[in-house]
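Here is the structure we will look at.
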Amino acid sequence: MPSISYNRTDSQQPQSITIQGYVVRPGLHILTYEQLKLLREQTKHHSQLEHLVSQGVIKLTG
């Protein structure tokens, strides 16, 4: 099952991130594989998102 988990660890991190119309908020989000693929692709072009993913704050699974 594809999912995103956004573990917001401090107040410096954004409340939510909007990528191509999808809003990623802290918590668990069940997405389609197409959405997850789009998010993975966008990570490469979104420096803040890339930073949060590389730090393990946002985990993309699926």
Side-chain angles (χ1 to χ4, degrees):
M1 181 73 71
S3 65
I4 292 183
S5 102
Y6 178 5
N7 303 314
R8 193 162 173 256
T9 54
D10 65 51
S11 59
Q12 298 299 309
Q13 291 161 0
Q15 293 271 352
S16 64
I17 301 166
T18 304
I19 309 141
Q20 295 267 351
Y22 299 113
V23 180
V24 179
R25 288 194 178 86
L28 190 64
H29 305 264
I30 304 304
L31 297 173
T32 65
Y33 287 104
E34 290 75 25
Q35 289 171 317
L36 201 65
K37 186 176 170 190
L38 178 71
L39 282 172
R40 284 187 203 278
E41 189 59 37
Q42 286 302 308
T43 301
K44 298 171 189 162
H45 309 292
H46 193 295
S47 60
Q48 181 187 38
L49 182 65
E50 189 173 30
H51 176 70
L52 291 173
V53 171
S54 69
Q55 292 209 314
V57 175
I58 294 177
K59 293 186 179 76
L60 304 174
T61 48

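Sorted by first then second residue, the salt bridge (Lys or Arg N to Asp or Glu O under 4.0 Å) pairs that include residues 3-31, not counting sequence neighbours, number zero. Screening residues 26-46 for salt bridge (Lys or Arg N to Asp or Glu O under 4.0 Å), with sequence neighbours left out, gives Glu41-Lys44.
The CG atom of Leu60 sits 5.5 Å away from atom OG1 of Thr43, with the distance rounded to the nearest 0.5 Å. Residue His46 holds its NE2 atom at 10.0 Å from CG of Leu39, rounded to the nearest 0.5 Å.
Applying the side-chain contact (heavy atoms from CB on, under 4.5 Å) test to Val57 and every residue at least two apart in sequence or in another chain returns Tyr6, Gln13, Leu52, Gln55. Residues that satisfy the side-chain hydrogen bond (donor to acceptor under 3.5 Å, both in side chains) test with Ser5, not counting sequence neighbours, are absent from this structure. Under the side-chain contact (heavy atoms from CB on, under 4.5 Å) criterion, Gln35 pairs with Tyr22, Leu31, Thr32, sequence neighbours left out. Listed by chain and number, the residues in a side-chain hydrogen bond (donor to acceptor under 3.5 Å, both in side chains) with Ser47 amount to none (sequence neighbours excluded).
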